[in-house]
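What you see below is based on every heavy atom in this structure, not just the backbone, and it leaves out hydrogens, waters and symmetry mates. A note on names: the letters A, B, ... follow the listed sequences, proteins ahead of strands, and every chain is numbered from 1.
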2 protein chains.
Amino acid sequence: MENLLRYLNTLMPLSDESVAALMPALTRQAFRKNEYLLQEGQVCHSLFYIDNGYCRSYHVIDGIEKNTGFFFENDIATNINSFGSGKRSELNIIACEPLTAVIIDRDQLFRAAAQAPEIETLGRLCIRLFASKQEEFSTLFKLYSASERLEYVEKHHPHMLQRVSLTQLSSFLGVARETLSRIRKRRAVS
Amino acid sequence: MENLLRYLNTLMPLSDESVAALMPALTRQAFRKNEYLLQEGQVCHSLFYIDNGYCRSYHVIDGIEKNTGFFFENDIATNINSFGSGKRSELNIIACEPLTAVIIDRDQLFRAAAQAPEIETLGRLCIRLFASKQEEFSTLFKLYSASERLEYVEKHHPHMLQRVSLTQLSSFLGVARETLSRIRKRRAVS
DNA sequence: GATATTTTGTGACGATCGTCACAGCGCTGA
DNA sequence: TCAGCGCTGTGACGATCGTCACAAAATATC
């Protein structure tokens with residue numbers, strides 16, 4: 001919990017009352033490797049604050065997993081669409097390592113927001129940050145080629161390369177595993 | 001203004017007090033074709049509710065415009081990153097036709113939210129909807145090929161095809177104009 | 001309505017990518 | 001220690017894409 005509260009405080013300073021109002025919305029949970037945080041078809045009614053370990057989100061298209069995001073320590077993972085609309089999730093979120101998360105329950109969060117206006121603002125900030133990250137990777141695909149996308153991740157998210165396998169990364173970057181392997185080779189030569 | 005208020009009411013019912021609190025944040029403005037709503041290097045301190053006409057957002061990479069979004073009547077256009085963080089915008093938003101928008105000023109909006117808690121909630125809803133749209137097009141690129149992306153737009157956003165030129169659309173779909181032309185040709189045959 | 005400008009179609013060609021196939025490497029567990 | 005498994009590298013080949021070039025069609029402008 002301490003990590004989460006420290007994180008939230010970097011977003012905005014929270015009064016003791018707001019923290020007290022927030023507490024009932026929080027649950028700590030451990031996940032084994034390859035255990036689902038969210039599964040296709042379920043409704044997402046949580047924000048997952050990643051305390052330790054990391055997870056990935058992916059769609060299954062024609063039986064093939066396509067990664068759409070990685071979430072590491074101090075990130076918040078969720079399906080913003082399902083979370084907001086109450087529709088069933090079309091994507092999965094799965095632990096890539098043993099993982100511990102603080103689960104922020106949607107309904108309890110709304111109850112807390114009704115009590116403490118700071119929580120409402122906090123929720124807005126969280127969603128805005130999530131939206132900014134979405135935008136970052138959305139534009140990445142519209143603006144750059146596969147090799148430029150790799151460069152971007154190397155420069156701006158080096159930790160991702162250290163923890164994610166080439167196979168998983170290639171799915172995220174939208175290219176075949178072999179292509180990513182060759183991109184790296186081409187650069188090593190020049 | 002009426003259109004905007006009708007739109008906001010579909011998101012959540014607003015009391016007369018909330019509407020009154022919101023009014024000072026609103027300005028109606030007309031833009032000529034090719035006039036900027038937001039220019040690279042500026043800080044985005046507005047949400048643009050599109051009342052009439054449409055606009056596009058684009059980045060300039062190596063002197064080439066790359067479209068990242070189109071915004072039509074009843075959409076809200078903004079740079080969520082710049083709007084939220086106060087950093088300078090890296091993208092442009094420009095009118096593709098004569099356009100009228102209702103400009104929602106950021107600072108005034110925050111003042112209104114401090115007065116009326118409904119406005120805070122409304123702001124959160126707007127941002128969440130914006131985030132959902134971002135996610136939609138973000139996954140579009142990660143999951144599908146160029147021709148599948150065209151299919152998706154044809155099915156889910158047909159109005160876009162009717163109003164946007166092939167050249168502009170190809171930039172948005174991340175392929176060369178010629179490629180998009182050939183994709184359409186290939187399908188017409190089969 | 002004639003002209004200028006923009007938009008779209010198409011051919012050619014080289015570069016890149018996806019797919020299939022297989023080999024090597026490192027880690028894990030019996 | 002050795003077999004099994006997952007991850008990565010690489011070769012071959014066909015498909016697709018980007019680029020340059022130019023013609024045709026559609027649209028805008030006066």
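In this structure, Q168(B) places its CD atom 9 Å from P of dT8(C), rounding to the nearest Å. Atom CD1 of I183(B) and atom C1' of dT16(D) are 9 Å apart (whole Å). Going from atom CD of E178(B) over to atom C1' of dC20(D) covers 9 Å, rounded to whole Å. If you measure from atom CZ of R177(B) to atom C1' of dA21(D), you get 11 Å, rounded to the nearest angstrom. Between the CG atom of L150(B) and the P atom of dT16(D) there is a distance of 15 Å, rounded to whole Å. Rounded to whole angstrom, the span from the CG atom of L166(A) across to the C1' atom of dG26(C) amounts to 15 Å. Distance CZ (R182(B)) to C1' (dA12(C)): 9 Å, rounded to an integer number of Å. Taking atom CG of residue D62(A) and atom C1' of nucleotide dG18(C), one finds them 15 Å apart after rounding to whole Å.
Between the side chains of E148(A) and S145(A), at least one donor N or O sits under 3.5 Å from an acceptor N or O.
Residue R88(A) qualifies as open at atom CZ: its count of foreign heavy atoms under 6.0 Å is 12 or below.
In this structure, Y36(A) and Y58(A) have tilted ring planes: the angle between them lies in the 30° to 60° band.
Residue S181(A) places its side chain closer to dG9(D) than to any other of dG9(D), dC7(D), dT10(C).
F137(A) has its ring centre less than 6.0 Å from the ring centre of H157(A).
One finds a side-chain N or O of T167(B) lying less than 4.0 angstrom from the OP1 or OP2 phosphate oxygen of dT8(C). Between R184(A) and dG9(D), a side-chain N or O to OP1/OP2 separation shorter than 4.0 Å is present. For dC17(D), neither phosphate oxygen OP1 nor OP2 lies less than 4.0 angstrom from any side-chain nitrogen or oxygen of T179(B).
If A176(A) and V164(B) are placed on DNA chain C by their nearest nucleotide, the residue sitting closer to the 5' end is V164(B).
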